[in-house]
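A short worksheet on the structure shown next.
Start at 1 and go down the list; that is how both ligands and their atoms are numbered. It should be emphasised that the depicted structure is a prediction, and the values quoted were computed from it without experimental measurement.
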Amino acid sequence: MTKRSGPVRQDNRIKTLMHVTPQDRLFVLTGAGISAESGLATFRGSGGLWNGYRVEQVATPEAWAADPELVWHFYSQRRRNAISAQPNAGHIALAKIEHQLGDRFYLCTQNVDELHEQAGSQRIHHMHGNLFQSRCTRCNQPFSDTALYETAATLPTCDRCGSPVRPHIVWFGEIPLDMDAIYRKLERATVLLVVGTSGSVYPAAGLVHIANQQGTRTIYIGPEEPLNHEAFDEILLGTATELLPALVP
Ligand code: OAD
Ligand code: ZN
């Protein structure tokens, strides 16, 4: 298979490339780019800034320890944006592909929004947590939570033990959720399709290297090359809504 591809419109090419036989198992990894056309800002698109802060300054255990109000303000704003967002043709295409492939399909997302679920995805794992869940810093049990906490007076505490409640999000420096399950699924995959992630945050950015070691075909879809582009067999330049619908059998 040739490396790197030129033209921007590649929806015919993608169909040939992504021809999945009944023996194939598809592992899909998505990042912020798949929700971009639903109106949710990517992390690095805005220069990685939020209100003048770098994402790394608000999405870390250190930020939480220093200023939980700032952290909750950030995630409350993201909740507000995500609540009104709708899945786009990219999310919908992946849900349709899953419908065709059943257990031969697995979706691992770095996103904390629920647009994949809203589009109908079922075999999905949120490796970086869920924006609409919170958890007590002591009891650690995640629960559904769509509330906004934007002032010091409204910061949530646990009903049971009174400890601070935090977003159920994997921050920089924390270990993504259920990596073992991810590795097990990847081990069995024959095709790895990565969509809309800059390839800058590990371990997610390292999945393509594991796939390479085991001989799994690797394809990237997004409007620009990711940082780890050299690791992919194929790069298809285009947006999620332009290219993913062409994959639906
Ligand atoms: P980034 O913001 O780093 O990258 C978004 C990627 O999406 C870029 O490579 C864009 O080219 C691409 N993109 C933009 N528009 C697109 C479109 N319409 N269709 C397809 N792709 C598009 O986001 P992530 O790589 O997801 O972690 O970031 C990884 C992690 O870093 C996030 O999960 C988050 C962040 O900090 C945590 O919160 C722990
Ligand atoms: Zn508690």
Side-chain angles (χ1 to χ4, degrees), residues 8 10-11 14 28-50 53-61 63-64 71 74-75 78 82 85 87-91 93-94 108-113 115-116 125-131 134-143 145 156-177 179 193-208 219-229 232 235-245 247:
V8 171
Q10 311 190 63
D11 25 5
I14 196 176
V28 181
L29 171 70
T30 60
I34 193 153
S35 297
E37 289 163 282
S38 293
L40 299 182
T42 62
F43 289 93
R44 284 150 193 95
S46 50
L49 291 182
W50 168 78
Y53 295 94
R54 295 204 57 75
V55 178
E56 291 83 351
Q57 284 178 282
V58 282
T60 59
W64 173 253
V71 174
F74 174 66
Y75 287 105
R78 298 195 61 205
N88 64 48
H91 298 105
L94 289 177
C108 176
T109 185
Q110 295 168 84
N111 297 347
V112 295
D113 66 57
L115 295 178
H116 281 303
H125 174 60
H126 287 269
M127 68 184 292
H128 288 166
N130 187 314
L131 186 57
S134 301
R135 71 171 193 263
C136 166
T137 48
R138 188 153 166 231
C139 310
N140 271 320
Q141 195 57 36
F143 59 92
D145 187 8
T157 51
C158 178
D159 290 343
R160 270 195 288 176
C161 75
S163 299
V165 164
R166 62 168 273 179
H168 184 47
I169 301 277
V170 176
W171 288 326
F172 288 95
E174 296 183 324
I175 298 168
L177 305 172
M179 283 310 295
L193 171 66
V194 178
V195 184
T197 169
S198 57
S200 52
V201 173
Y202 284 77
L207 296 184
V208 66
I219 300 166
Y220 179 82
I221 287 180
E224 60 199 356
E225 291 189 334
L227 282 181
N228 55 356
H229 62 93
F232 287 90
I235 305 254
L236 297 171
L237 294 179
T239 73
T241 68
E242 280 169 356
L243 294 182
L244 287 177
L247 290 182

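When R44, M127, Q110, E242 are ranked by how near their heavy atoms come to atom 28 (O) of ligand 1, first place goes to R44. The heavy atom nearest to atom 4 (O) of ligand 1, considering only A41, P176, S198, G90, is found in S198. Atom 27 (O) of ligand 1 has its nearest heavy-atom neighbour, among R78, H128, H229, in H128. Among P223, A36, G222, the residue whose heavy atom sits closest to atom 22 (C) of ligand 1 is P223.
At a heavy-atom cutoff of 4.0 Å, ligand 1 is contacted by the side chain of V201 but not by its backbone.
With R135 contributing its side chain and R138 its backbone, the two residues share no donor-acceptor pair below 3.5 Å. Side-chain N or O atoms of D113 include none that pairs as donor or acceptor with a backbone N or O of A82 at under 3.5 Å. At least one donor-acceptor pair closer than 3.5 Å links the side chain of N228 to the backbone N or O of A205.
L177 contributes atom CG, which lies 8.5 Å from atom NE2 of H128 (distance to the nearest 0.5 angstrom).
The shell of residues lying under 4.0 angstrom from ligand 1, judged by heavy atoms, excludes V195. In this structure, A59 does not count as a contact residue of ligand 1, since none of its heavy atoms falls inside 4.0 Å of the ligand.
At the Zn ion (ligand 2), the angle from SG in C161 to SG in C136 is 100° when rounded to 10°.
When only non-hydrogen protein atoms are considered, atom 32 (C) of ligand 1 lies nearest to F43 CE1, 3.4 Å. Scanning the protein heavy atoms around atom 19 (N) of ligand 1, the nearest turns out to be A240 N, 3.0 Å. Here the protein heavy atom with the shortest distance to atom 6 (C) of ligand 1 is G196 O, 3.4 Å. Counting only heavy atoms of the protein, atom 36 (O) of ligand 1 lies nearest to F172 CZ, 2.9 Å. Nearest non-hydrogen protein atom to atom 25 (O) of ligand 1 is T197 OG1, 2.6 Å. Closest to atom 16 (C) of ligand 1, if we only count protein heavy atoms, is G33 O, 3.4 Å. Atom 11 (O) of ligand 1 has as its closest protein heavy atom E224 OE2, 2.7 Å. In this structure, atom 23 (O) of ligand 1 lies nearest to the protein heavy atom A32 CB, 3.4 Å.
The ligand atoms of ligand 1 that sit less than 4.0 angstrom from a heavy atom of G31 are 26 (O). Counting atoms of ligand 1 from 1 in the listed order, those under 4.0 Å from a heavy atom of E37 are 17 (C), 18 (N), 19 (N). For ligand 1 and V170, the ligand atoms under 4.0 Å from any heavy atom of the residue are 37 (C), 39 (C). Those atoms of ligand 1 that come under 4.0 Å of a heavy atom in T239, given as number and element, are 17 (C), 18 (N), 19 (N).
Side-chain polar atoms of T241 and N88 form no donor-acceptor pair below 3.5 angstrom. Using modelled atom types, one finds no donor on one side chain facing an acceptor on the other under 3.5 Å when comparing H91 with T30.
Here the closest heavy-atom approach between residue C158 and residue C139 is recorded as SG-SG, 3.8 Å. Counting all heavy atoms, side chain and backbone alike, N111 lies closest to A32 at OD1-N, 3.0 Å. Here the shortest heavy-atom pairing between L227 and S200 reads CD1-CB, 3.5 Å.
The closest side-chain heavy-atom distance from L115 to L40 is below 4.5 Å. Here the side chains of T60 and W64 are not in contact, with every heavy-atom distance at 4.5 Å or above.
Look at E224 and R44 and you find no salt bridge, because none of the NZ, NE, NH1 or NH2 atoms lies under 4.0 Å from a carboxylate O.
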